[in-house]
Amino acid sequence: TLTAWLAFALSYRGKKVVMIDLDPQAHLTSICMRNEPETSIWDYLYGRETRPLARDCGNVKIVPSRLTEYVDYWRLGRQAGIMQYENLRR
């Protein structure tokens, strides 16, 4: 909720704000949207969606998450090339 309040405060001061909800529990999305979105940030990150995902939330934009989305962080990390750094530590 702090992120949402900061986003709305910044937008009130005339700033353009985009919130990206990477939380598997989709808290920001639940604050801004009544219904669960059809597409989420995870669809975009896994390559299942290519259209812009930002939705209006008052004066703020949100890229939504989905509560029902299963997030495999390890697979996503490997796809993004992040896991290569784990191998350097061994």
Side-chain angles (χ1 to χ4, degrees):
T1 43
L2 177 62
T3 301
W5 283 110
L6 290 172
F8 290 118
L10 288 169
S11 73
Y12 180 75
R13 292 183 170 257
K15 304 293 182 185
K16 293 183 179 181
V17 181
V18 175
M19 298 184 295
I20 300 175
D21 191 355
L22 293 173
D23 178 14
Q25 286 85 28
H27 286 125
L28 281 176
T29 301
S30 66
I31 290 170
C32 291
M33 301 177 75
R34 291 183 185 188
N35 299 320
E36 188 169 295
E38 291 180 21
T39 57
S40 75
I41 185 65
W42 302 108
D43 294 317
Y44 188 79
L45 291 174
Y46 286 128
R48 297 183 299 240
E49 181 63 58
T50 57
R51 296 177 293 163
L53 299 174
R55 309 282 196 311
D56 288 328
C57 179
N59 294 333
V60 175
K61 299 271 188 192
I62 183 167
V63 177
S65 186
R66 264 198 313 257
L67 182 60
T68 58
E69 184 78 37
Y70 171 74
V71 180
D72 183 351
Y73 291 107
W74 291 105
R75 187 179 76 180
L76 183 63
R78 283 193 303 274
Q79 288 175 347
I82 296 169
M83 301 312 289
Q84 66 185 344
Y85 301 107
E86 288 293 318
N87 295 332
L88 296 176
R89 292 184 0 194
R90 294 182 188 168

By side chain to side chain contact (heavy atoms under 4.5 Å, CB included) - contacts of T50 (at least two apart): none
Ignoring hydrogens and angles, tell me if any N or O in the side chain of R66 forms a donor-acceptor pair with the backbone of E38 under 3.5 Å. yes
Within this structure, what is the NE2-OG1 distance for the pair H27 and T29, rounded to the nearest 0.5 Å? 10.5 Å
How does the hydrophobic cluster around M19 look, that is, which other residues are in it when side-chain heavy atoms under 4.5 Å mark a link? F8, L10, V17, L28, V60, I62
For residues 5-18, the salt bridge (Lys or Arg N to Asp or Glu O under 4.0 Å) pairs (sequence neighbours left out) are none
Report yes or no: do V63 and Y44 belong to one cluster of Ile/Leu/Val/Met/Phe/Trp/Tyr joined by side chain heavy-atom distances under 4.5 Å? yes
Heavy atoms of W42 and L22 approach each other most closely as CZ2-O, 3.2 Å
Between S65 and D21 the two heavy atoms that sit nearest each other are CB-O, 3.2 Å
Apart from L2 itself, what residues make up its hydrophobic cluster when side-chain heavy atoms of I, L, V, M, F, W and Y under 4.5 Å apart count as a link, directly or indirectly? L6
Quick one: which residue pairs count as a disulfide bond (SG atoms under 2.5 Å apart) with a foot in residues 11-52, not counting sequence neighbours? C32-C57
Any side-chain hydrogen bond (donor to acceptor under 3.5 Å, both in side chains) involving residues 52-64? Give me the pairs, sequence neighbours left out, ordered by first then second residue. T39-R55, D56-K61
